[in-house]
Structures are given as C-alpha cells and as structure tokens.
Number of protein chains: 2
Amino acid sequence: MNASEPAPGLLALAQDFREALRHSIYLVRRLDADGELSAAQLSMLKMLMDAAPGSGGSASSASGVRVGEIARNLGVKVPSATEQIIKLERAGLARREPDPNDSRAVRVTLTEAGTAAVASANERRNAVLAGILSSLSDDDRAALAAALPVMGRINATLQA
Amino acid sequence: MNASEPAPGLLALAQDFREALRHSIYLVRRLDADGELSAAQLSMLKMLMDAAPGSGGSASSASGVRVGEIARNLGVKVPSATEQIIKLERAGLARREPDPNDSRAVRVTLTEAGTAAVASANERRNAVLAGILSSLSDDDRAALAAALPVMGRINATLQA
DNA sequence: GTTCATAGTTAGGTAGCCTAACAGTTAGGC
DNA sequence: GCCTAACTGTTAGGCTACCTAACTATGAAC
C-alpha cells in the first residue's frame, strides 16, 4: 500500500462524481438531440447573450464580444471559436463587426434572430429536463439544488 | 398552489442543472486531456471491465460483451461501437472473438493490457479530481455526495 | 427451404476540436 | 519617423467520435 494516502473518501467521491458526469453525457445528448441548434452553438449564443449588458449599451465599452474572449469563455482555442462564429453568422444568428478602437479585433453580437433562437432552444430543453426532474422526490430535488452551487465552485476552480 | 402550472421552481432547477452540466464539460475535458486514453475509449474499457463477472469465467454464459450490448450501454449506435472496438483491438487493449452459441455475434473482452490501462487511467483521473475536491469545504463535499445518487436516478430514467 | 429478422461491418458524411502557418494592426525602442 | 516585437483573428490541414444507409452472414419460422 502506498503510504501517501491523500484521503480515503476523497478518491471515492472523485470516482463517483466522475461516473455521474460520464453518465450525464446521455442526458446532455438527449437534450441536444432536440434539434436545430447544436450544444456548441447554443453555448456560444447563450454566452453572447449574457455578455450583452442589456440593450442600454453604455458607449464606454464597445458592444459585442471579441473572438478571443469568446474562445476563453467557452474553453476552446481561437480558431475553433472562429469556426463556430462563422456558422452562426451564416445562419443569421450572429453578426461580426470590426472593433472601432482596435482594427485587429472583431466584435461579435447576436442578431434578433439569434436572441430568439437562444430563448426558444433554451426553453425547449429546460422543459424536457423539467419533465424528467418532476419524477423525482422533493428530497431528491433539494439535494440536487444544494449541489449545484458546489458544482459551480468546482468549475470555477478551473478558470484559475 | 399551482394547479396547472408546470411548476415554477422546476424550470429554474432544470435551467441551473443544465448550466452546471454545461460547465462541467471543462472539467471532463481537463480530466481527459490527461492523455493516452480518450474519454470514449476509457468509457468502453470500463464498461467491459464492469461486465466481466470476475475472472472465474464460468462456462455457462460466454465471456465478453456483444457489440450491440456495448453500443446500448454507451448510448451510441452499433457502427460507432464497432469503430471504437477496432481501435481498442489494434491498441492491444481488447479482443474480439466469435460467440460460440451464435455465429452472428461477436464477444468483446479486455486483454490484460486493457485491464491495466483502465486501472491506471482511472486512478490518474481520480487523483486529479480528488485534488480539486480537496479544496472544497466538508459541507460542500457532503452536498455533492448527496446529489450523486440523485444524478444516478436521473440518468437511469433515460434508459427506459 | 424460402423468407424474415438479427448481428455486425463497411462506406460515406458531419460536427467540433486541435496545431501550424499566415496577414493585418498596434506599440515600443531608438 | 521607422523597424521590430507582440497581439488578433483567419485559413489550411488533420483528428476523433458520432451518425445513416447499404451490405453480408447467420439464425429462426413456417
């Protein structure tokens, strides 16, 4: 046995968590099979929506999100982001504009169609998942709700 | 309260859960970036390992798992499973043998190298994740642990 | 002993990611 | 003022993992 015991329950928890995440792929796939918008595209659209600081558009910071920032937010490399952006643009869901302050940069914003698409795709997926969650007990739902912030904290760790 | 309403908090919970899963992609990617074995391949190997009912190999039921069963277990179509199996075979981690009772079928089993690869890849990933989990509070870990069976129940729903 | 169903493979295609190489823009050093 | 270095994004080429459709071979039913 290795003397360097890093905590006995910790490894077991890691194992189980990993297992749960692995199985969750099905769930995500099921939800995404919904149609029309792929998971990657929906993620990007959602990010763009969150980034739009309301329509108020304070003139201080140019509107839209830069490609590099999008890539960082989505956890992919810049060329991958470009690829997705081009697809969204072709689908009429996003728009690319030159940054007025830095001609190297590109600002990406949602079109109206994009905003609408996010909302509808989101709602449909939420409804499907809500249907599944409705079959759980109240206790189960409470346990799940309690764990979500923890998962958020775990994910936040990775940003650093 | 809500007689007809599809449940107000349910949609919110679905939304948050979906968000958490979406972010968890980073985690999974990080864990899988580990090297040598891809997520898909590790999943398949792990499944084969779980399916092997001990090494005793009772002659009663032929050993190994059939391709269709593998596909069903992994939530992919048969050709996708075949593809992965062939890769594992070429890597010397799995073995394909004709089913003695049904010449249409193929039985897939792990080689010794496959068993070893699962164990080592698994341990490495668990260790990385355990490191992350170790920075959480006890309460957080308890909340996470409590939610895992719930996630399992959710995932089980999909099988049906 | 045809005919129908089942098991798996092959062929061809798509989405999403990557690295490497490139072009244009900005910012310093002198 | 330039010339070099750093930065932003696109293009090119390649990989993995998934899919559907078409095929082969075996088994089962009648």
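It should be emphasised that the depicted structure is a prediction, and the values quoted were computed from it without experimental measurement. To find a chain, count down the sequence lines: A is the first, B the second, and so on, and within it residues start at 1.
- The listed nucleotides are D:dT11, C:dC17, D:dC18; the one nearest the side chain of A:Thr82 is D:dT11.
- You'll find that the side chain of B:Gln84 is closest to D:dC18, out of D:dC18, C:dC18, C:dG8.
- Rounded to whole Å, atom C1' of C:dT14 lies 16 Å from atom CG of A:Leu37.
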### Task
Before giving the answer on side chain to side chain contact (heavy atoms under 4.5 Å, CB included), spell out for A:Arg107 and A:Ser63 the whole-Å C-alpha distance, their side-chain angles and the decisive distance to 0.1 Å.
CA-CA 7 Å; A:Arg107 294 269 167 189; A:Ser63 69; 5.9 Å; no
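- Phosphate contact (OP1/OP2 of D:dC19, side-chain N/O of B:Ser80, threshold under 4.0 Å): present.
- Ion pair A:Asp99/A:Arg104 not flagged as a salt bridge, since none of the NZ, NE, NH1 or NH2 atoms sits closer than 4.0 Å to an Asp/Glu carboxylate oxygen.
- Between the side chain of A:Asp140 and the backbone N or O of A:Leu136 there is no donor-acceptor pair closer than 3.5 Å.
- Remark: B:Arg96 is not in phosphate contact with C:dG8, judged by side-chain N or O atoms under 4.0 Å from OP1 or OP2.
- Taking atom CD of B:Glu83 as the reference point, atom P of C:dA15 lies 17 Å away to the nearest angstrom.
- Regarding contacts with the backbone of D:dA17, a side-chain N or O of B:Lys87 is found under 4.0 angstrom from either OP1 or OP2.
- Residue B:Ser38 is classed as a sugar-phosphate contact, given heavy-atom separations below 4.0 Å to backbone atoms only.
- Between the C1' atom of C:dT9 and the CG atom of B:Leu88 lies a distance of 16 Å, rounded to the nearest Å.
- Put simply, CE on B:Met44 is 12 Å from C1' on D:dC18, counting in whole angstrom units.
- Using a 4.0 Å heavy-atom distance criterion, A:Val78 is classed as a base contact.
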### Message
Within the 4.0 Å limit for protein heavy atoms, which parts of nucleotides 21-26 of chain D are touched? Write it as a string from 5' to 3', B for base, S for sugar-phosphate only, - for none.
### Response
B----B
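- With both pairing distances under 3.5 Å, D:dA12 is matched to C:dT19 as a Watson-Crick or G-U wobble pair.
- Relative to the side chain of A:Val106, the nucleotides D:dG9, C:dG8, C:dT10 differ in distance, and D:dG9 lies closest.
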### Query
Should A:Ile154 and B:Leu144 be marked as a side chain to side chain contact (heavy atoms under 4.5 Å, CB included) after you check the CA-CA gap, both sets of side-chain angles, and the distance that decides it?
CA-CA 10 Å; A:Ile154 292 170; B:Leu144 185 61; 4.0 Å; yes
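- Rounded to an integer number of Å, the gap from A:Asp32 CG to D:dC18 P is 14 Å.
- Of the candidates D:dC18, C:dA7, C:dT10, the closest approach to any side-chain atom of B:Arg66 belongs to C:dA7.
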### Query
B:Arg22 and A:Ser43: side chain to side chain donor-acceptor pair (under 3.5 Å), yes or no, with the steps?
CA-CA 8 Å; B:Arg22 189 164 72 81; A:Ser43 280; 3.3 Å; yes
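- Each of A:Arg29 and A:Ile86 was assigned the nucleotide of DNA chain D with the nearest heavy atom; the assignment lying further toward the 5' end belongs to A:Ile86.
- For A:Lys77 and D:dT10, the NZ to P distance is 17 Å, given to the nearest whole Å.
- Salt bridge status for B:Asp138 with B:Arg141: present, with a side-chain N to carboxylate O gap under 4.0 Å.
- The distance between atom CD1 of B:Ile25 and atom P of D:dA17, rounded to the nearest whole Å, is 16 Å.
- To the nearest angstrom, C1' of C:dA7 lies 12 Å from CD1 of B:Ile85.
- Screening residues 112-122 of chain A for salt bridge (charged side-chain N to carboxylate O under 4.0 Å, His left out), with sequence neighbours left out, gives no hits.
- A:Thr111 contributes a side-chain N or O that, together with a main-chain N or O of A:Gly114, makes up a donor-acceptor pair within less than 3.5 Å.
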